[in-house]
Amino acid sequence: MPDTTLPSTSSHFFELDQLSYDVDQIVKGVDAALKAKKEGKDKTASLSTPSSLFHLHTCSIETTLKVPATQIYYWNGRNQPNPAYGLYTDLCAKLSDCVDPFAPLDIGHGEDVVRPFMGEPGSRQPPGVNIYLPGAHKKKHLAHLGSLTKTPSKEWIPSASAWDSQNWLHGVLALNPKLDPVRKGKYRDEKERFKLDTALQVCWIPEDSTPGGLDIKVLVTIKVLVKTDTIFDPLPEIGHDILGLILHTLIPSPTATDGYISELEARANALNAFYACLRPAPDLPFNSAAGQLQPKEMVSKLLPFQTRTVRVLLQREQGSSLKETDPLGFWKTYDFGTQNGKVAYRRLTGDLKIVGCAGEAGQKAKTERKGKRKALEASPERDLDDLTHQEETEVPVLLDLSGVRGTMLCEEMGLGKTVESIALVLLNRHPLSKPRRVPSSSPQLDPQRPEKAKSAKSKSFKSQPAAIVPVIDLLRGTPGMEIDQIREWVQGEQAAFEGKKAWDEQAQLHVTEVATTLIVTPPSLIKQWVAEMQRHAPSMRLCVYEGWKSLQKGVEKQRSARMRAAEAEKKRKAVEFRDQTRKKYSRSNSSKRIKVEEANQVIDVDEVEVKPRVEEEEEGTLQITQRQFVEYVRAHDVVITTYQDCKLWSFGLTVMKRVMG
């Protein structure tokens, strides 16, 4: 696990060719350092650190100077000796005579050592940063360094390509109001938020393969100091993103994926962090009745941890347990040495906020945390660097979930998520839904005798018979209507929800309201859901929706049946008319037809046409499907469907009480 203590550290290594450093500047710095050392002057005094500065990070950059070429080669001209090579050999001799090997020699210290380099027209050096001797930033730079690692920047802003978004050092320089801006537009203010206390050192190490028998290294040590009196002030959006990159890189992350750990270790760290965010359901209150969380319709008894989970699910659906706070783990606290309290940091957005009390109140809270309060705040559900309940109210909320009803149930396989979901459906019905008396047998399920309930619990899922999938069939109609209890309950549901509409804000239309629970699941799990419900709650009425086309097929079959019935009725009327006509006519001896009039009325065949009644006028296929589907769904407790078949809800037919997957 990466180290998450402050100040954090990082190391970088560069090899500088002749064009990336100025040996003349290095010689001047070494001469000045040797002279100060001979006179007894101390050039190593670091920048004073007042109480308003906090040491956040230390960056060590080690650069190795490549030996300059001995000659300068000209095209179609005579080669000339390279003066840089002579200065380099003199520098090697001077260092070997006056400085011990591996012993660093301080040649500069200050705040203006590191400067941005955006690139110049015709320059062969890529954008990066330049290193100057203190007080010589307007002259030629001592060395040019390329960009640092881009891994943190890609984690923070994957598509970033601007210079100030490449790494944290570029970002610090870009936010410095003393330097020229690096982009157009307003992205910073006049407040300085960071100071770079930079030290330059030169050392040499023995190396027989190089001229002079040694290698020269320039060591750059950058201490990043945070100004606690301005770091919390707001910035424009772009500046806030740059600040977020700096904090994301310099404040250690427990799931860092830098180049110093393997991919397997990074995955293990991320997995550990994921499981650390998961929390078990809290214990039941001392005076709560656990028996009320056991549905009467369930033949399986909930285990204690399942009972606690069902209680949380009920609270979340009723919206009574959600607070206006971020999930646990979003904010972490750090000690920046501020007198006003601790510093809370949200890595997801790069926000910083001071939390806690100051003075005697803060000291009292700190003391309480070491004693009894520590047992509450530092429980297995809460890390030591998480916010306390009081501090959670002092930070802004990323997403206000107080108006959201429902939650996500993320338990390991085999712990009973399906059983807990069934219990939730049975315990939290729609307020308008009428209670149903459970019959002794169910038309869509095989009856299960009470004396066999206990033995059924002990059997494994594999030993259960194959589940019969009750697919919605509008042609056959609602099942179970021959049972008085079910018929009365269905009629009561239809009456309770008659004309009930709900407004869908996303679709911007009114949808029909029902009390049925919708379960959306992959096709491979439909039979498992049906079997689990039939096993744990046999009295639950459920159906499976297989798509809009399957409903229309049933309606078309009904239409065809009605047309055939109408045609048969028309034929029956025609036969009856024919028989009546035969009785009205008779033949004379001369074989001539004689018309017999009854009641002075003449009956024509055209008058026998079958005319449909007004109440039986044909509806459209869509209207019939909608009406029958709503009636069918209202007669059930649960509708199970797949992700593909769930597209019917775009028609605005119904609004379900709950969605599970």
Side-chain angles (χ1 to χ4, degrees), residues 1-13 44-63 104 106 108-114 129 131 145 148-153 155-156 167-176 191-201 219-233 242-261 269 273 331-347 350-356 366 383-386:
M1 185 69 67
D3 186 12
T4 58
T5 58
L6 296 177
S8 57
T9 59
S10 62
S11 301
H12 305 275
F13 303 90
T44 63
S46 61
L47 183 68
S48 60
T49 307
S51 59
S52 61
L53 295 177
F54 173 73
H55 185 192
L56 179 64
H57 182 75
T58 299
C59 176
S60 300
I61 302 176
E62 178 182 322
T63 64
D106 291 275
H109 203 126
E111 301 180 40
D112 57 350
V113 175
V114 182
V129 295
I131 306 298
L145 304 180
L148 307 181
T149 175
K150 297 182 179 180
T151 301
S153 64
E155 293 176 352
W156 179 254
N167 54 71
W168 67 267
L169 185 56
H170 292 186
V172 171
L173 296 175
L175 292 180
N176 190 349
K191 299 178 182 179
E192 187 179 13
R193 290 169 173 80
F194 297 95
K195 283 185 176 294
L196 299 181
D197 181 15
T198 308
L200 292 178
Q201 296 174 320
L219 308 178
V220 183
T221 304
I222 305 175
K223 290 175 60 177
V224 183
L225 304 176
V226 178
K227 300 192 68 174
T228 56
D229 55 347
T230 58
I231 190 64
F232 304 102
D233 296 336
I242 297 175
L243 178 62
L245 169 62
I246 299 171
L247 299 175
H248 174 74
T249 308
L250 302 187
I251 297 179
S253 170
T255 59
T257 57
D258 51 28
Y260 300 103
I261 61 176
N269 294 338
W331 292 88
K332 295 293 183 181
T333 57
Y334 297 89
D335 186 5
F336 276 21
T338 58
Q339 299 177 356
N340 297 326
K342 297 179 298 182
V343 175
Y345 170 56
R346 184 167 57 190
R347 184 175 299 276
D351 293 328
L352 282 177
K353 179 72 175 179
I354 296 180
V355 295
K366 185 176 180 180
D383 296 331
L384 287 175
D385 55 354
D386 287 329

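Remember, predicted model here, so these are calculated numbers, not experimental data.
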Problem set entry | Over 12 foreign heavy atoms within 6.0 Å of NZ, Lys353 | no

Problem set entry | Sequence-distant partners of Thr9, side chain to side chain donor-acceptor pair (under 3.5 Å), two or more places apart | none

Problem set entry | Closest non-hydrogen atom pair, Gly350 against Trp156 | N-CH2, 3.5 Å

Exercise. Are Ile354 and Phe336 side-chain neighbours, meaning at least one heavy-atom pair lies under 4.5 Å?
Worked result: no

For this session: Identify the heavy atoms of Lys195 and Glu111 that sit nearest to each other, and give their distance.
Result: NZ-OE1, 3.2 Å

For this session: Could you pull out the closest heavy-atom pair between His57 and Pro7, with the gap in Å?
Result: N-CB, 3.9 Å

Exercise. Measuring from Asp335:CG to Lys342:NZ, what's the distance to the nearest 0.5 Å?
Worked result: 9.0 Å

Exercise. For Tyr345 and Leu247, which heavy atoms make the closest approach, and how far apart are they?
Worked result: OH-C, 3.5 Å

For this session: Of all the heavy-atom pairs spanning Arg193 and Thr230, show the shortest one and how long it is.
Result: NE-O, 3.4 Å

Seminar exercise, completed: With sequence neighbours left out, the residues meeting salt bridge (Lys or Arg N to Asp or Glu O under 4.0 Å) with Glu62 are Lys217

Exercise. With sequence neighbours excluded, what pairs up with Asp351 under the side-chain contact (heavy atoms from CB on, under 4.5 Å) test?
Worked result: His240, Trp331, Arg346, Thr349

Exercise. Does the side chain of Phe54 reach to within under 4.5 Å of the side chain of Leu6, using non-hydrogen atoms?
Worked result: yes

Problem set entry | Any side-chain heavy-atom pair of Leu196 and Leu169 under 4.5 Å | yes

Exercise. Roughly how far, to the nearest 0.5 Å, is the CD1 atom of Ile246 from the CG atom of Leu175?
Worked result: 4.5 Å

For this session: Kindly write out the residues that satisfy ring pair (Phe, Tyr, Trp, His ring centres under 6.0 Å) with Phe194, not counting sequence neighbours, or none if the list is empty.
Result: none

Seminar exercise, completed: Taken to the nearest 0.5 Å, the spacing of Lys223 NZ from Thr58 OG1 works out to 6.5 Å

For this session: Mind checking salt bridge (Lys or Arg N to Asp or Glu O under 4.0 Å) for Asp233 and listing every partner two or more places apart, or none if nothing turns up?
Result: Lys191

For this session: State the CG-OG distance between Leu56 and Ser8, to the nearest 0.5 angstrom.
Result: 5.5 Å

Exercise. Of all heavy-atom pairs between Arg347 and Pro252, which one has the smallest distance, and what is that distance?
Worked result: NH2-O, 2.8 Å

Exercise. In this structure, which one of Val224, Ile242, Leu173 forms a side chain to side chain contact (heavy atoms under 4.5 Å, CB included) with Trp168?
Worked result: Val224

For this session: State, with a plain yes or no, whether a side-chain heavy atom of Leu145 is found less than 4.5 Å away from one of Thr63.
Result: yes

For this session: Could you check if a side-chain atom of Ile131 sits within less than 4.5 angstrom of a side-chain atom of Val114, using non-hydrogen atoms only?
Result: yes

Problem set entry | From Asn167 atom CG to Leu245 atom CG, the distance as rounded to the nearest 0.5 Å | 7.5 Å

Exercise. To the nearest 0.5 Å, what is the distance between OG1 (Thr228) and CG (Leu53)?
Worked result: 7.0 Å

